[in-house]
There are 2 protein chains.
Amino acid sequence: MQTHFTIDCVIFSFNEGKLQLLLTERNVYPYKDWWALPGFFTEKDEEMEDAVKRILYEHTGLKDIFMEQLGAFAGVKRHPEGRILTVAFSTIVKYEDVRSKIRPITSYMRQAKWFAVDQLPDLAFDHAQIIQQSLQKLKHTINYSTAVYELLPDKFTLTQLQQVYEAILGKTLDKRNFRKKIANAGFLKELPEVQKGVSYRAARLYRFDKRKFQKQTSVM
Amino acid sequence: MQTHFTIDCVIFSFNEGKLQLLLTERNVYPYKDWWALPGFFTEKDEEMEDAVKRILYEHTGLKDIFMEQLGAFAGVKRHPEGRILTVAFSTIVKYEDVRSKIRPITSYMRQAKWFAVDQLPDLAFDHAQIIQQSLQKLKHTINYSTAVYELLPDKFTLTQLQQVYEAILGKTLDKRNFRKKIANAGFLKELPEVQKGVSYRAARLYRFDKRKFQKQTSVM
DNA sequence: GCAAAAGTGTTGTCCTTACACCCATGG
DNA sequence: CCATGGGTGTAAGGACAACACTTTTGC
C-alpha cells in the first residue's frame, strides 16, 4: 500500500548560553500559522537523502549539511489527510556560520526562526514528540560524537564548552571535574590566544582537534 | 508524494550457543526463493504499530511481541518497482517459547527458519544492511536493557548468560570479571536448583529479577 | 581417576565525585 | 578596589582488567 511520505528536520544550534532549535512558520494548511519543524513532502522516486537536502534548503536556506536519521513517525491521526509517514532527521550547526543564511526559499513557510529549546511555542503535528526524542538521543551520544563541537565557534573557551554540555544534559557540572575530564580526553588544542572584550580575566581559547578525536574513538 | 511502505522485522534469539535470526523464504517475486527478513506491505490507513503486529504474525506465526523501531530505509534502487520505504523493527524472543509457533500464515512465504547470525545466507533487498545496523544497536544497548534476558530461558546458568554476552559483543569475556559484574549489578536471583543431565559438575541456576533491574536503571 | 566445566580473590589502574579558594582583568 | 568569571588539587570510592588454580560431578 502507498502512503504519503514527508521529511522533517530537527536542527540544533547554540546561542546566548542556550540550546536552540530552528522552526518554520507554516503558510499553508493544515496548521497554517503554526510553528513546525522544517519539513515537507518528498517527490516521486526521489532518494530519501536527496529529499532531505532539498527540503532543508527550500525551507531554511541551509546547504551542505549532513543530517542523521532519527526514525520514522507514522500515525494515521498525525495529519487530517490520513496517514502520513515522516522520517525525522537531525543535525547540529554553528550559530555564527548560518546566522545570515537562514531564510525559507519556498513560500510554504513564512519565516524560519531560532527558539531556545526550553521556550518552544506550540508545535504542529507531533513535532513536539519528535523533538523530545531528538533531545534524548543527543544526550546519549554527546560523549561519543563531535556534536558538541559543532555547536561552538571554531575557537572557544572551556566555560563555553561546559555550557554546551550543561544545556544538553540539563544539569550543572563541576568546573574542576569537567576540565580534568576534557584535559584527559586530550583532543583540544590550546591556542596562544585569549578572549577579547570582556571586563574580567580573559579566558584561554581552545580549538577542537578532529584527528585526535578520531584516533581516540576508533580504538574502541 | 506517495511511496510504497513496507515493514521488516529483525527477530533475534539464542540457541546452541549462538545468536540466531529468523528469516523467511520468499515465495513471490521479486527475490522469489531468496531468504529475507519477515516483512511486507502495510495496508491503507493502517497504523504502523498495527502493521508490525499483523505482518509479524502472518509471516512468522508470532503474536504479542513488542518490537522496537530501528529506522527507515528508503532507496530508489532497493526494489525493482521503484522507491519502497521500509521501516525496520527489531525484537528478541526466547527460543524455547517460540520454537513450536514459528510458521508462516501467508503463502507469500514458503517457510520461516532460524539462522545463526554468523552463517546467514544471501539476503534479498538491503536486508543484510538492516541486520548489520540492528546488531550494532544491540551491542550498544546490551547493558541498559533486558535484551539479554529475553534471549535466555527462565532459569539459566551464569555460563549461559556469559555466552549470550559473548555472542552479541563478538568477543570472549573473563569469567571471574564477568561474574563479579553480574553479582554487583544485583538483579539476578540465585535459585536453590542446579542444572540436570550434564556429565560434569552441575551449575547453579539463576533467574532474572525485573523489579530489581528497573529500580537500578530508573535511578539514572 | 579422568574429563569437563563450575566456581572463586587479589591487585593495580583509572575514572568519577565531592569540595573551596586565589588569580587576573577591566572599569 | 571591586566585581566578575578564570583557573587550580586532593582524597576517597568505585569500576575495570589482568591473571590461575581448586572443586565437583558423571562416567
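Treat the numbers as computed from the prediction; the structure is a model and nothing was measured. Chain A is the first sequence line, chain B the second, and so forth, proteins listed ahead of strands; every chain is numbered from 1.
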Problem - Length of the CZ-P vector between B:Arg179 and C:dG9, whole Å - result: 12 Å
Practice task
Measure the distance from CG on B:Asn143 to C1' on D:dC16 and round it to the nearest whole Å.
Solution key: 13 Å
Practice task
Please state how far atom CD in A:Gln195 lies from atom C1' in C:dA24, giving the value in whole angstrom units.
Solution key: 13 Å
Handout entry: Separation of atom CD in A:Glu190 from atom P in D:dG6, rounded to whole Å
Key = 15 Å
Practice task
Round to the nearest Å and state the distance from B:Phe178 atom CZ to C:dG9 atom C1'.
Solution key: 18 Å
Handout entry: Rounded distance in Å - CD1 (B:Ile182) to C1' (C:dA6)
Key = 16 Å
Practice task
Return the 5'-most residue of the pair A:Asp174, A:Tyr200 with respect to DNA chain C, ranking by each residue's nearest nucleotide.
Solution key: A:Asp174
Practice task
Could you tell me whether A:Phe14 and A:Tyr95 have their ring centroids closer than 6.0 angstrom?
Solution key: no
Handout entry: Within residues 49-66 of chain B or reaching into it, pairs that qualify as side-chain hydrogen bond (donor to acceptor under 3.5 Å, both in side chains) - sequence neighbours excluded
Key = B:Glu46-B:Arg54, B:Arg54-B:Glu58
Practice task
Indicate whether OP1 or OP2 belonging to D:dC27 is found under 4.0 Å from a side-chain N or O atom of B:Ser199.
Solution key: no
Practice task
Could you check B:Lys181 against B:Arg201 and say which one's nearest nucleotide on DNA chain D is further toward the 5' end?
Solution key: B:Lys181
Practice task
Please work out whether the ring planes of A:Tyr149 and A:Phe156 are parallel, tilted or perpendicular, with thresholds of 30° and 60°.
Solution key: tilted
Practice task
Could you tell me the separation between the CG atom of B:Leu161 and the P atom of C:dA6, rounded to a whole number of Å?
Solution key: 13 Å
Practice task
Check the angle between the aromatic planes of A:Phe125 and A:His127 and answer parallel, tilted or perpendicular using the 30° and 60° thresholds.
Solution key: tilted
Fill in the blank from the handout: Here the distance between atom P of C:dT16 and atom CG of A:Leu173, to the nearest Å, is 12 Å
Problem - Options C:dA5, C:dA20, C:dC15, nucleotide nearest the side-chain atoms of A:Arg176 - result: C:dA20
Exercise for the section: Would you state whether a donor and an acceptor, one from the side chain of A:Lys180 and one from the base of D:dT10, lie under 3.5 Å apart? Expected result: yes
Completion exercise
Nearest heavy-atom approach of A:Leu188 to A:Phe208 is CD2-CA, 3.9 Å
Problem - Minimum-distance nucleotide (side-chain atoms of A:Lys175 versus C:dT25, D:dT8, C:dG7) - result: D:dT8
Practice task
Would you classify A:Thr159 as touching base, sugar-phosphate or nothing, given that sugar-phosphate means primed atoms plus P, OP1 and OP2, and contacts are heavy atoms under 4.0 Å?
Solution key: sugar-phosphate
Practice task
Look at the side chain of B:Asn177 against the base of D:dA18 and say whether a donor-acceptor pair falls under 3.5 Å; ignore hydrogens and angles.
Solution key: yes
